[in-house]
Amino acid sequence: MSATPGRSNVDHLIVGAGFAGLAAAIKLDEAAERDFVVIEKDSDVGGTWHINTYPGAECDVPSQLYSYSFALNPEWSKVYSPQQEIWEYTRKVAEDSGTLDRFVFDTAVVDARWDEDEQRWIVRTEGPDGPKEYAARTVISGSGGLSEPRLPEIEGIDSFQGEIFHSARWDHDVDLAGKRVAVIGTGASAIQLVPELQKVVGHMDVYQRTPNWVIPRNERSFTGFEKAVFKNVPGAQRALRSLVYGTLEARVPAFARFPRAMRAVELQGKRNIAKGISDPELRKKVTPAYRAGCKRILISNKWYPALDADNVDLVTDPIQKITGDAIVTADGVERPIDVLVVATGFYVTEPPIAQHITGRGGRTLADVWDEGGMAAYKGTTIHGFPNLFQVVGPNTALGHSSMIFIIESQVRYVVEAAKAMRAEGLAVVEPTQAAQDAWTAGIRRKMKPTVWQTGGCASWYLDKFGNNTTLWPGQTFTFRQHLRSFDIDKYDVQPVQPPKSTQSPTSQEKVSS
Ligand code: NAP
């Protein structure tokens, strides 16, 4: 193709330097696909583990599994790792990989547009040096499913005069000591930060809309001996990792096919409540009325004792409005505050980045998904969006195990696709509508008996049509099996053409595998 002034040509443009983008960079590099750039809006690698710095931020997936299979870490301090340690791990993996020279930080992708003539994605970015443009053969989006904070739409929230911030954008300059603080939300982030805040604030109101099932957590630190074994005994850490993996996978049938088995979890949750809370009224308020697993099962030993503390009130009356200095609930009670923390989650089923990706025919990913919900072939590629690969795409998230397993599965598929394109001389690969529809129909079928659809709750797993377009409805090894090779027979492809070709996109040439 002819060079356009001010535009950089790259083979692959990776969006995001979290676990997904970093894995894509490392694995493309290993596959000798070295002409790539990673665009990251944050100032460093790590994604969610660099951005989420709220007090008490930790992973709720065991450390042994929450790492890349190709970069085990014998130094994990605890069974569940703290945020800082996970971020340091990603930083070290990035440094060791030798790929950091192709990472561009503090730079956001503002627009990605498929150019039919060029057979490339034209990607505009905005960074400290101003706007920049790339022409990329492929775009690999690792922008994260839980990256865009969702602020609650509550009357008057904009009029609040005190400090206000989202859990994922913690303002460390705000001193909470002795302050009157409100936390809205009782999800995975809130249950970690509330116990830490409880120790320092004067008074805290925690606003709960729906209680979650919260079961005990194994808080143990690894001993020096264990770490030495992980480091020095060949296979020891991998064996433990396999054990953890198998234990978590054994839970899948209860989520996916036999939700009644979740009663065992509910029993654990009720015991956790009884242990952590003495007040019978409060116990009642925090006990969910839906099947465990319908929303993400949370783990904490500190959440219930924090709610039971003298300086904390759990408020379950719906919030009516927020004033300049208080929250008013539907029963008319006004509770004055100095600081408001919103721990209300993220845009998951309508990811904002989809508005900035324009495929064939000038349609954005948001347009397409708005019509029928998020969908992608094998959670990764999307009809109408050639050469776009979504890592952590639709129906790839997990409620029971480590996302890094899924990420590695998808990255392998992407690398296989890149290799196939090079070997076959292909400029364009795009999943057929039929392949994507069949995949989505299979997911919907499997989703029907799951606890996420039948458990009697509203959750962010479900979209506006009531479909679960978020989670993978099975064991992770079946997902990996599906993505073990690039199935080119499910794709419309186009060979590399001379520039400014007038060939119609619909007259695609089918390459037999
Ligand atoms: P979340 O689980 O979606 O929780 C959001 C909370 O805010 C819920 O309690 C929700 O109530 C409440 N809420 C939302 N809008 C509200 C409104 N307008 N008024 C009152 N309450 C409102 O979000 P999150 O806690 O940030 O966690 C999101 C996900 O991030 C987790 O599920 C997990 O996948 C991930 N995460 C993981 C870890 C980890 O340790 N690995 C830690 C933190 C987060 P409803 O339940 O009624 O909607």
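Read the numbers this way: they start at 1 and go in the same order the structure lists the ligands and their atoms.
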Only pairs at least two apart or in different chains count here, so list each salt bridge (Lys or Arg N to Asp or Glu O under 4.0 Å) that has a residue in residues 458-474.
Asp370-Lys464
Set of side-chain contact (heavy atoms from CB on, under 4.5 Å) partners for Leu298, sequence neighbours left out
Ala188, Ile191, Asn212, Val214, Arg296
For Ser409, side-chain contact (heavy atoms from CB on, under 4.5 Å) partners two or more places apart
Phe405, Phe479, Arg480
Between Val109 and His356, is the side chain to side chain contact (heavy atoms under 4.5 Å, CB included) condition met? List the steps.
CA-CA 8 Å; Val109 169; His356 306 285; 5.7 Å; no
Of Gln198, Arg217, Glu219, the one forming a side-chain contact (heavy atoms from CB on, under 4.5 Å) with Lys302 is Glu219
Show me, by chain and number, every protein residue that has a heavy-atom distance under 4.0 Å to ligand 1.
Tyr54, Glu58, Cys59, Asp60, Leu146, Pro152, Ile184, Gly185, Thr186, Gly187, Ala188, Ser189, Gln192, Arg209, Thr210, Lys295, Arg296, Ala343, Thr344, Gly345, Phe346, Trp460
Flag yes if more than 12 heavy atoms outside Lys321 fall under 6.0 Å of its NZ atom; otherwise flag no.
no
